[in-house]
Amino acid sequence: MAKVDLTIRIAGENGEGVLTVGDVLAEALARLGLHIYTFKNLPAEIKGGASMVQVRVGDTLVRSPGDAIDVLMVWNQENYDAYIGEVRPGGVVIYDPGECEADAGHDAQQVGIPLQAITKEVIKVMKSKNVLAFGVLTACIGIPFEIGRRMVEESRWGRRKEFLESNINALQHAYDHIKEQGIDIGVRVPVNAPDSSAQLIMTGNDALCMGALAAGCRFYSGYPITPASDVMETLAKAMPRVGGVLLQTEDEIAAITSCVGASFAGKKVLTATAGPGLSLMVEGIGLATMEELPVVIVDVQRGGPSTGLPTKTEQSDLQLALYGCHGEAPRIVVAPTNAEDCFYTTVKAFNLAEKFQVPVILLSDQHLSQRAQGIPRPDMSNLEVVERKRPSESDSKDPAEFNRYAMTEDYISAMSIPGRDPQHYVATGLEHNEHAHIAYTPEAHLMMTEKRLMKVESAAKEPGFVDRYGSDDAQVGLIGWGSSEGPILEAMDRALAKGHRVAALIFKMLAPLPEAEARAFIDSVSVASVVELNASGQFASYLQSRLCIPLRRFNKYTGLPFKAIDIEEYIEGVINNG
Amino acid sequence: MAKVDLTIRIAGENGEGVLTVGDVLAEALARLGLHIYTFKNLPAEIKGGASMVQVRVGDTLVRSPGDAIDVLMVWNQENYDAYIGEVRPGGVVIYDPGECEADAGHDAQQVGIPLQAITKEVIKVMKSKNVLAFGVLTACIGIPFEIGRRMVEESRWGRRKEFLESNINALQHAYDHIKEQGIDIGVRVPVNAPDSSAQLIMTGNDALCMGALAAGCRFYSGYPITPASDVMETLAKAMPRVGGVLLQTEDEIAAITSCVGASFAGKKVLTATAGPGLSLMVEGIGLATMEELPVVIVDVQRGGPSTGLPTKTEQSDLQLALYGCHGEAPRIVVAPTNAEDCFYTTVKAFNLAEKFQVPVILLSDQHLSQRAQGIPRPDMSNLEVVERKRPSESDSKDPAEFNRYAMTEDYISAMSIPGRDPQHYVATGLEHNEHAHIAYTPEAHLMMTEKRLMKVESAAKEPGFVDRYGSDDAQVGLIGWGSSEGPILEAMDRALAKGHRVAALIFKMLAPLPEAEARAFIDSVSVASVVELNASGQFASYLQSRLCIPLRRFNKYTGLPFKAIDIEEYIEGVINNG
Amino acid sequence: MVESVAEIPQKKIKDYRSEVKPTWCPGCGDFGVLSAIQRAFAAKNLEPKDIVIVSGIGCSGRLPEFVNAYGIHVVHGRALPTAAGVKLANPDLTVIAVGGDGDGFAIGGGHVPHAVRRNVDITYIVMDNQVYGLTKGQPSPTTPTGMAALKRSTSMPKMAPYEGVLENQLNMLAMVLVYGGGFVSRTFSSQATQMSEIIGRAIDHNGFSFVQAMSPCPTFYNTYDPWKEAFVDLPEDWDSADRIKAIDKVMYEERDGVFHSGIFYKTDDLPSYLTKMDSVYEKAYGGESVSSVDALLDQYA
Amino acid sequence: MVESVAEIPQKKIKDYRSEVKPTWCPGCGDFGVLSAIQRAFAAKNLEPKDIVIVSGIGCSGRLPEFVNAYGIHVVHGRALPTAAGVKLANPDLTVIAVGGDGDGFAIGGGHVPHAVRRNVDITYIVMDNQVYGLTKGQPSPTTPTGMAALKRSTSMPKMAPYEGVLENQLNMLAMVLVYGGGFVSRTFSSQATQMSEIIGRAIDHNGFSFVQAMSPCPTFYNTYDPWKEAFVDLPEDWDSADRIKAIDKVMYEERDGVFHSGIFYKTDDLPSYLTKMDSVYEKAYGGESVSSVDALLDQYA
Ligand SMILES: Cc1ncc(C[n+]2csc(CCOP(=O)(O)OP(=O)(O)O)c2C)c(N)n1
Ligand SMILES: Cc1ncc(C[n+]2csc(CCOP(=O)(O)OP(=O)(O)O)c2C)c(N)n1
Ligand code: SF4
Ligand code: SF4
Ligand SMILES: [Mg+2]
Ligand SMILES: [Mg+2]
């Protein structure tokens, strides 16, 4: 068992800077060599509404947001009332007595610290309120002042030089206050940290961006949308540094079709969006399928349908990703499981797109995209990067003899690139023959439909997209995909620790389906259940459509990510009640 | 067995008017009380390319295009070469010896008639060439000149008064020519017809338009697309006659969102499109799901993906219709089975939309939409027409007390209408509570997600959307949907006639799935196979996802409709080889 | 439209306030637009049940929720086609479409020329803050080109970190003018009285009417200072019947640091879509009552 | 772009003819546009491998198939964003976008203002027949309003049977002018030499260039007669540096039965997107070689 496993939640009025407190705290803890798992829950309003960030920290890997709050810091009554019920019995609540009234009825150590009043009257710079709050937390959990100060200086707070002095002042004041008042909340994190300089601290979206660039992506076009906008914002800065182009387009349709154009012209391309944008892109994705062009589309899922819950998390765009587009329009769908995996699965998404000349949809989600994680620095020199098949030296240079859509054994044809290869051709979204000419004959449609379907189906053989964990002869087998991996594995580990036989199968590739692995897993367990963050069990239905095995479902659809305890209780329910 | 069962194909250069020959011939035969089944296969070019129309005629119901050609008329070499292979042994070929060379190697009676030369030299009006061709055919199959003349006068030929004289002249010349040359092709249709005045002759799209109007649709917005444009064109004329509004919008996104607006304001609304348009509409369809607004969307399917095969037929938009939209976005999906059913299923589509306040997608296809059929005149006075639930007289008039999304027992809430009901509210695509206010709480999302899902699921209980035919204890059970009904039933009947035990289950409602019927049927047959016009077996996969029963698949994806013989051979294959 | 008959008591601004408190940031220009709209409704004494406000997605798109009337908050960029559907379905309604500069001129930009040329009698109020507010401050089609905008914005340097916005700024008034708009105006959220007057006149206009409501976003792109300085009324003797002159006037204003407010162009000579539909109906069923569907079936007999 | 170096043999029109015979109806104006494009390529001696023609859906959208060069025939209305992607991916290519009036100004109309303001160096040739050809003759955004167009069309009475087209006609030249286009021209498919000259100059323009290529559809809307009459060259002394004058010129031409052909407006003062990208790169990696991705990771360390 972990010696340290602490869940700290900070909540305040949206726009007051609570999120920064959480971000910097998480970074500070990660820099100390600890494992972190953050969780943000934001209102859809710009200002106002309750905003919260949670940091779970442990000395071994932590893989879920945390079951209950150990330390809650709230800045006002609304947040106090909203979250007090989630504090574990005997936990700690730090509240601002000037802004809210504590309810003594709770089994918790409640510490009043007048954050607002101190900032106003002592620090005198309202911008520094969140540094004060940060200092209160770091002081309470035993992080030395010096480390706290370094974080303030090196974090985004440090970048605003004009506030540095008052920020340091606020930090100092926090430490002094805790000491003077003799506040002891009884928790301490270890501070003699291992060397963690090889660690990067990245959110899911950060890792995804860097993965894209590492894979060779040099063209991005996209349209802002929560929670995918920061992919574009991160790349807006990074892309020109590596000589690439980034375009903020007028809508998602322009985003996907610009990608299609750039891919045709030889670039590795990316666009990122959320559900509403993916809905608008399906026609363009079908075009890429038809013209056999590599394109990577990231969908950072949020609560749906329609505009839905823009700042909440859900895994409910799966069916759109699998089936969205008229006609038979196969594509590859992958889903990274954690922030580190966002890097590697994105690299693989590009490799798959290039190898199979097909659109690849990568399903992330609000929770994964925004949570920070400490991850080992990727070794760029060892990264496998795939390039699309091109006409070979021995091929005829005569365009009349070039078959862009040649029916080969592996269904993959050489693709010539404008400006580089003399074998010019006209790509078309109409049905065509091997020579890329428009052809409506039954023969052409049969052949090309099969080429497109079989090519993608063969990608199911790519290794490394499905992982099995836990008992070999499990009573309960949990099947999950994407970002639910962490809570599933944590719940499984707890159940295993209690002596239950539990296993888990986690998919990172959803289409084509690694069917053999799925079947073998289901056959090996007594009860197979698909655990996902949506109402109808979209992955379960999809598995059933392929395997014809009835599967149980465990679904959550509250806009919030799984907690390990959600799944742990489910496992126990199955074990106890069958 | 039918005494008359004749398949006549006319093929020529696109733009020369062959299609009209087929249309008028079909109408003439239908007016004689015979049953017709037409089939058109067009190039995507405006002029040029091969264009063909086929008329199958029988004295009992004919339900598929016909297995082989009995009488082929071709106007040029390209068409001769293209279709001669489809003529049944001993069949008839009428060709133009001035335009093509007959190949004596074929087992057929080959009759040369110089259509082009006669028109040019004798008739002297090139526009009348197709009337000449028409006359040749009617004369050959024994339709008296007088009936032919009436058809020329009353058909679209008759409308162009300036050509009437030369058209009648051409017709007369055709009859004279056949007589003078002593041409006898050995087939005759019965001409002492029953009274067929109660019959209407309609294409699938005609019937669909009239069904929409009969159901009370008074708003249409759409964007042209093959093969759905004629829905808009028919309604452009008809809609103002019944006091409705028809809008040709700038794109499909405007089409669906105009429908959303008009539905919100109280109208019954329709838009019709094909695959590419449906892809663009999915965001708007999700909006209608979220705001619980009745909208009917017709998708006249064509070959896909992407621009694909715009003038060919396919049943490959099913998955998009079922799953297209991010988030959990349930909708109802129906599919009419023949031209007559296009009328009734469209009426029902509107009724379902109104009753369940939900988008309903109606899947037609190119073949069904363009084929003509003689159908009994619908009795308007007996048509069930449903209106949406509105606030009742006893409800409070105070908007503050009105719950637009009240959670009722059947999940259906009263909907107030601007200008009519005082209970105003703001519909939103964001998640909301019963009172229609924006709400991102877990509780609101749980409740409303369930409301939307359960409401639609309950529509599976609506009667009349699935039909069972054939043996009770079948060895082979065919499952089909939409326009494949005809060929499936014809093939089934032939197999039954040969003593095989065969049954068929035809779905007109695809979502929600009438699951009990499906399960009972599959349980009752030895081998269940899903017969559909697409490559991957989209309906089969969907059935498996719900039923978890492995199903066989029989798929055709050539851009052409099923022939009865395709399915007959498949049945025999299953019976003989298991 | 409901006329102010004596029996109907005169409504007040507060009668158009909904139970939902606006969620905008303090100081957001959208507050001014909201109250100008409410004031215009009060001046016309409109029944809430006869008003429909249609909006797309954006901070501005939240407006209908705050008004005591019917409303429909649709998907991003589609307020105009939705509003046309509402009005054509029931011509007696007062239909207002509202939305942001991104909603209207980026993703929704393809609908504007067609809403204008269709000339359905709706009023379109674009709350132009020259930024994407709701998605936290990316540049919009009306953000000034180059480095200038970055100075007033904490968010835009993220999207345009090196040289500011590379794309040239669009001019929505000039666009609506060349599309053939029959009522083209601009106002400023800090001039609430003028704004409500102009909105009132826009509602009165028979046909599509356009109001560019400059409405600063102090959170992501604070333009209050320069705009307060730049705004001047159109000259008293402005000839609002000259389209080309109006285009000329608006094309280079912002570059020159001036914003005129007022009605740049107005004509009563463009029949609205519904007016034209009257002639269509005249021909379709010749003044008599509409045809029955049964009668339409005759064409297939 | 390949320059005409002595060693490269001068290409001829036929070198740009593909093995696919055009599928257009006899007499279609698109034939003239096709040969004008091929002639312009020959005049510049472009290598087929360095040309990409991008098209949407429509009769006009078939054009790339008939040219001996790279091409990409995309979905309806999306030629412009696709073309921008092609050009930005490889600035050395000559990129031409072609399409119809419906493709470009109905479904694709939302992309035009942004293609113009982005100013990527592509040439956009709209083959304007004022009708939807491929879908058999429905009215397009440029079809004249009212009953006039119906006389010349067998197909339009279907869609607009009572009063003709109710919507007002859009003016694409005026639109591109207010969007800020730096090269705005019109030609007529029956004047192939002029057309190829103008296309040539459009290709030379550094930035987005626009060519309205009037191209009749004799099958569904036969405008040959009136257009042949209406077309006149711009006056010799036309001042192509005055945007407002150009707008004034084009706004009411068609109503007045005149079509001027020529270059209405041209400026060299609008830096193209790629020119601006040079400055971006200058700042992003300061003239040295680009950064490695590994180095970018440091920001997360
Ligand atoms: C299809 C789709 N794409 C993107 C978004 C994300 N989005 C919401 S509002 C908005 C732009 C807001 O800017 P603007 O229209 O100017 O409104 P403002 O917030 O400034 O009032 C965007 C991009 C969305 N909701 N839907
Ligand atoms: C999304 C989508 N909607 C509709 C269509 C059908 N469609 C094909 S071409 C076309 C319009 C053609 O008109 P235009 O762009 O003027 O080209 P033209 O044929 O006149 O050259 C339409 C509506 C389509 N292919 N895709
Ligand atoms: S972000 Fe800007 S536009 Fe949005 S509410 Fe705040 S101030 Fe207003
Ligand atoms: S339909 Fe018209 S535009 Fe199309 S090819 Fe024929 S003449 Fe040309
Ligand atoms: Mg804005
Ligand atoms: Mg056209």
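We name chains A, B, ... by the order of the sequence lines, and we start the count at 1 in each one.
Two residues are said to be in side-chain contact when any heavy atoms from C-beta on lie closer than 4.5 Å; D/Lys49 and A/Gln423 fail this criterion. A/His435 is listed as a side-chain neighbour of D/Glu19, based on a closest heavy-atom distance under 4.5 Å. Counting heavy atoms from C-beta on, the side chains of A/Val242 and D/Tyr285 never come closer than 4.5 Å. Between D/Leu296 and A/Met210, some side-chain heavy-atom pair lies under the 4.5 Å cut-off. You'll find the side chain of A/Lys267 stays beyond 4.5 Å of the side chain of D/Leu88, heavy atoms only.
Residue A/Leu287 comes nearest to D/His73 through the heavy atom pair CD1-O, 4.2 Å, listed as atom of the first residue, atom of the second, then distance. Nearest approach of A/Gly419 to D/Asn90, heavy atoms of both residues: CA-ND2, 4.3 Å.
At least one donor-acceptor pair under 3.5 Å links the side chain of A/Arg31 to the backbone N or O of D/Ala301. Under a 3.5 Å cut-off, the side chain of D/Ser291 and the backbone N or O of A/Arg241 do not form any donor-acceptor pair. Looking only at distances, a side-chain donor or acceptor of D/Tyr281 sits under 3.5 Å from a matching main-chain atom of A/Gly244.
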Quiz item: Yes or no on side-chain hydrogen bond (donor to acceptor under 3.5 Å, both in side chains) for D/His111 and A/Glu250, after CA distance, side-chain angles and deciding distance?
Solution: CA-CA 7 Å; D/His111 304 300; A/Glu250 55 274 25; 2.9 Å; yes
Quiz item: Can you list the steps and then say if A/Arg420 with D/Asp92 is a salt bridge (charged side-chain N to carboxylate O under 4.0 Å, His left out)?
Solution: CA-CA 10 Å; A/Arg420 293 197 245 159; D/Asp92 292 336; over 6 Å; no
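With a 4.5 Å cut-off on non-hydrogen atoms, D/Val52 touches chain A through its side chain but not through its backbone. Heavy atoms of D/Val75 lying under 4.5 Å from chain A belong to its backbone as well as its side chain.
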